[in-house]
> 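Dumping the structure here so I can ask a few things about it.
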Amino acid sequence: MSGKLHQLGSCGVAKSEEDRRRYESLWNEFFRDPSQWWDNSTSKRSPKHADFKHKFTKDSLLMDGCYNPPWVIEELRRRGFASLSGELCRSTIMGAALPVSLIKAYEDGAAFVVSLRACTKNKDLHRGIKLHDNILKMGLVEKCSDALVTMYAKCGELEKAKELLNLHNSRDVITWTALIAAYARKGQSQRALNCFDRMQHEGISPNAVTYTCILNACATMGAVVKGEEIHNVVAKQGLLENNIVLGNALIDMYAKCGALPKAQDLIERLPSRDVVSWNALIGGYAREGQGEQALTCFEHMQHEGISPDAVTYICILKACATIGEIAKGEEIHDEIRKQGLLQNNMALATALLDMYAKCGALSKAQKLLKKLRFRNVVSWNTLIAGYVQDGQGKQALDCLNLMQREGISPDAVTYLSILKACATIRAIEKGQEIHERIAKDGLLQDSTMLGNALVDMYAKCGALSKAQDVLQKLPSRNVVSWSTLIEGYAQEGQGEQALHCFELMLNEGIRPDAVTFVSLLNVCSHLGLVDMGHALFASMKTKFGVIPNSECYTCMVDLLGRAGRLERALELVQEMPSLQRSAIWLALLDACRVRGDINLGRWAFEQAVQVNKSHGPPYILMGQIYAAAGMQDKARNIEAQRVKYQA
DNA sequence: ATAGGGTTAG
């Protein structure tokens, strides 16, 4: 186009006249048979320009092309396609239900296919159903079945899409892919995989797009083995040589499955990378809490001459948040501000808020929130969660008020944080008020988590019988609900009640997990119920199939130590996987203190200082052991070492 | 035509 404009200067008139005639005939062509044209108006390349491309000649027509004859717009309107004005027109033009008179003109079904494709693109289910209806009435369904399946799939009507695909026995890769893509998008990964298998069973070979969708499904379900299998297949077919999207889907799959070395290896081997490749990898590192690696990738990418975009910044801010890198975060903030990205990207603004909040810079976060041109419930939730995490329950509650004064209603996420705030500052009256609002909004029906937060709030405020009452009235409860209550009783020193709740839970058929046992073992430890604790610990594996975590072992060592059964405690320490042992030494050392066992104590002490970066607690305990044994010199020596290390 | 990376909580 620019070439043609250039020529206008020299021999303008003749040239433009020629173009005018050319486009006039093209538009005539278009109206003779619109089904011969693709509508590219939402392609990523030029989202702003409606762009019809002829299937075979590749001629293209722009809705707002400067050589268009004046009657084009009027003609489009006359045919009932749409009323024409800018973006709205472009999205509705091909999707409008056609008047019956026009439909009759395309009895081969092609006109329906064109209209259905537009509905697919615009996710216009309403029009799509109307078209389906007309198609049935005219007996054209055989010719339109693929377009119908695709339309229903994209509009989220998966049952309908599947039904039609089966009914008409589609042999078209693209149609099958559309259904697979829809399953993957909706998070129904297993269905996507089943569909993928069935398609191949019917002798239809997947293409690069199908593989991309399947990798997406693998990513959401963490199916790294299946993902690797796909990787091998596409590599063998040479599809990675020329398809960057497919390569990126692979990187993302590995990253989302936590296989970051594989993702890193792949990005280095791909023939080409772009900003999306790096974003997938950086996002993976950020999610896994490996902030340093994310930052390294960020440097690497820029070194390669690839500029970060808004998504990159979101990922990097998340990385900064997880490792508390506020300085780098502020640098990024500057960059974002310079590029003016905050004004139109809520996700980016939220990521920035979250970075400040997670780094404990809450006044900065609050200032930023105030300055944002757009705020929503998510922005406020981020700030509120930040205050709660920082232990500033009162501030969190203040935010709730500010937010509501702005006319923004809290949602389930808000209430989760707010209840936690009430729990930390033991604000039971406020908690009760929130409880009433949650109940009134009907939020308890579809959020077990919110119910659990209520139980936790009442429990942490010391209102255990209220907590139990709430739990027993919840529409749905799970192991977390009961574990929360059990831990609540344990914290309040009501061990018998905790054990009683365990029975109630089992009677309901809910299986305990490792967290439940930590509370129960603590109770046994405090009540001196050594035998019972032992029995519970044994039953974890044998009766409930729960693998004890390191906290369980710590509880047991504590329990045995209090009872003076050091030998058994030592056995347990040796039983547990060596990688998990870091937290156990302190418990063993404390047990040695209770029993006054200097030799074992010395050994536990050595282990403890080896794994523990903080040199405080083991030195204190060891000092106490020496002091109790009357070895004052040794005790002073240990204390001196502690002071030295802490300086 | 069908397709890739991203925000709050847990």
Side-chain angles (χ1 to χ4, degrees), chain A residues 37-40 42-44 53 55 113-114 116-118 120-121 146-147 149-151 153-154 172-182 184-185 206-217 219 239 243-253 255-256 263 267 273-284 286-287 301 308-318 321 345-355 357-358 365 369 375-386 388-389 410-420 447-450 452-453 456 480:
Chain A
W37 297 75
W38 301 122
D39 182 351
N40 271 348
T42 58
S43 75
K44 277 199 167 171
K53 258 206 163 65
K55 278 182 188 171
V113 172
V114 170
L116 281 170
R117 283 198 186 121
T120 302
K121 204 176 54 196
D146 282 337
V149 172
T150 312
M151 184 276 294
K154 187 67 164 269
D172 179 27
V173 208
I174 291 166
T175 306
W176 281 86
T177 303
L179 185 59
I180 292 170
R185 249 197 317 272
N207 65 16
V209 179
T210 323
Y211 290 126
T212 305
C213 301
I214 275 304
L215 286 168
N216 218 330
L239 293 174
N243 194 324
I244 205 166
V245 175
L246 182 55
N248 291 344
L250 265 174
I251 296 174
D252 187 50
M253 182 277 295
K256 288 225 173 84
I267 202 174
R273 312 175 260 281
D274 63 8
V275 64
V276 178
S277 331
W278 286 108
N279 290 348
L281 186 62
I282 294 172
R287 263 192 309 274
M301 142 183 188
D309 66 4
V311 177
T312 321
Y313 290 131
I314 289 169
C315 298
I316 277 299
L317 286 168
K318 191 178 187 135
N345 195 326
M346 287 297 289
L348 183 54
T350 308
L352 193 58
L353 269 173
D354 190 46
M355 183 277 294
K358 287 234 170 72
L369 180 83
R375 286 186 284 275
N376 61 12
V377 64
V378 180
S379 341
W380 281 104
N381 287 350
T382 307
L383 184 66
I384 291 172
V388 173
Q389 201 195 8
D411 65 4
V413 177
T414 323
Y415 288 131
L416 279 174
S417 291
I418 288 296
L419 286 171
K420 204 169 163 194
S447 173
T448 310
M449 236 156 61
L450 207 43
N452 296 346
D456 189 50
V480 179

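Letters A, B, ... are given to chains in the order of the sequence lines, protein chains preceding strands, and every chain is numbered from 1.
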> Give one of base, sugar-phosphate or nothing for A/Ala351, where a contact means two heavy atoms less than 4.0 Å apart.
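The residue A/Ala351 makes no contact with any strand.
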> To the nearest 0.5 Å, how far apart are CD1 in A/Ile314 and CG in A/Asp354?
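Here the rounded value is 11.5 Å.
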> So what does A/Thr120 hit on the nucleic acid, given a heavy-atom distance under 4.0 Å: a base, only sugar-phosphate, or nothing?
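A/Thr120: backbone/sugar contact only, no base atoms under 4.0 Å.
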> Give the rounded distance in Å between these two atoms: CE of A/Met346 and P of B/dG6.
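So the CE-P distance, A/Met346 to B/dG6, works out to 18 Å.
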> So does A/Arg287 get a side-chain nitrogen or oxygen closer than 4.0 Å to the phosphate oxygens (OP1/OP2) of B/dG6?
yes
> Which nucleotide in the set B/dA1, B/dG6, B/dT8 lies at the smallest distance from any side-chain heavy atom of A/Ile174?
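Ranking B/dA1, B/dG6, B/dT8 by closest atom to the A/Ile174 side chain puts B/dA1 first.
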> Compare the minimum distances between each of B/dT7, B/dA1, B/dA9 and the side chain of A/Arg117, then state the nucleotide with the smallest one.
B/dA1
> Would you classify A/Asn345 as touching base, sugar-phosphate or nothing, given that sugar-phosphate means primed atoms plus P, OP1 and OP2, and contacts are heavy atoms under 4.0 Å?
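Base contact.
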> Calculate the interatomic distance between A/Tyr313 atom OH and B/dG6 atom C1'; express it in whole Å.
14 Å
> For A/Asn381 and B/dG10, give me the distance from atom CG to atom C1', rounded to whole Å.
13 Å
> Does A/Asn216 have any side-chain contact (heavy atoms from CB on, under 4.5 Å) partners at least two apart in sequence or in another chain, and if so, which?
A/Ala184
> Look at the side chain of A/Ala347 and decide which nucleotide, out of B/dT7, B/dA1, B/dA9, has an atom nearest to it.
B/dT7
> Quick one: label A/Ala181 by what it contacts on the DNA or RNA (base, sugar-phosphate, nothing), any heavy atom closer than 4.0 Å.
sugar-phosphate
> Looking at A/Asn381 and A/Ile384, would you say the former's side chain and the latter's main chain have a donor-acceptor pair under 3.5 Å?
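Not at all, since once roles are kept as given, no pair shorter than 3.5 Å links the two residues.
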> Looking at B/dT8, I'd like to know if its phosphate oxygens (OP1 or OP2) sit under 4.0 Å from a side-chain N or O belonging to A/Lys318.
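Answer is yes, contact under 4.0 Å.
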> Can you check whether A/Trp278's main-chain N or O pairs, donor with acceptor, with A/Arg273's side chain at less than 3.5 Å?
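The answer is no, because no donor-acceptor pair under 3.5 Å joins these two groups.
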> Let's see if you can work this out: which of B/dG6, B/dA3, B/dA9 has an atom nearest to the side-chain heavy atoms of A/Val311?
B/dG6
> Within less than 4.0 Å of OP1 or OP2 of B/dT7, is there a side-chain N or O belonging to A/Lys358?
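For A/Lys358, the contact criterion (side-chain N or O under 4.0 Å from OP1 or OP2 of B/dT7) is not met.
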> Measure CG/A/Leu348 against P/B/dT8 and give the value in whole Å, please.
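Nearest whole value for this atom pair: 12 Å.
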> Report the residues that fulfil ring pair (Phe, Tyr, Trp, His ring centres under 6.0 Å) with A/Trp380, sequence neighbours left out, ordered by chain and then residue number.
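By the ring pair (Phe, Tyr, Trp, His ring centres under 6.0 Å) rule, A/Trp380 matches no residue at all.
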> Counting any heavy atom closer than 4.0 Å, what does A/Asp274 reach on the DNA or RNA strands: base, sugar-phosphate only, or nothing?
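Touches a base.
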> Return the value, rounded to whole Å, for the distance between atom CE of A/Met449 and atom P of B/dA9.
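My rounded result for the distance is 10 Å.
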> For B/dT8 and A/Lys420 - does any side-chain N or O of the residue sit under 4.0 Å from the phosphate oxygens OP1/OP2?
no
> What is the distance from CG of A/Leu383 to P of B/dA9, rounded to the nearest Å?
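In whole Å, B/dA9 P lies 12 Å from A/Leu383 CG.
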> Counting only side-chain nitrogens and oxygens, does A/Arg185 get under 4.0 Å of the OP1 or OP2 atom of B/dA3?
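The answer is yes; a side-chain N or O of A/Arg185 sits under 4.0 Å from OP1 or OP2.
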> Between the base of B/dA3 and the side chain of A/Asn216, is one N or O donor paired with an acceptor at under 3.5 angstrom?
no
> Just how far, in rounded Å, is P of B/dT2 from CG of A/Leu179?
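After rounding, the reported distance stands at 14 Å.
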> With respect to the side chain of A/Cys213, which nucleotide from B/dA3, B/dG6, B/dT2 is positioned closest?
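So the nucleotide nearest the side chain must be B/dA3.
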> Return yes if some donor-acceptor pair links the side-chain N/O of A/Asp252 with the main-chain N/O of A/Ala255 below 3.5 Å, else return no.
no
> What nucleic acid atoms does A/Thr350 come within less than 4.0 Å of, heavy atoms only: base, sugar-phosphate, or nothing?
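If one applies the 4.0 Å heavy-atom cut-off, A/Thr350 turns out to touch a base.
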> Would you mind reading off the distance between A/Ile418 atom CD1 and B/dG10 atom P, rounded to a whole angstrom?
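In whole Å, B/dG10 P lies 12 Å from A/Ile418 CD1.
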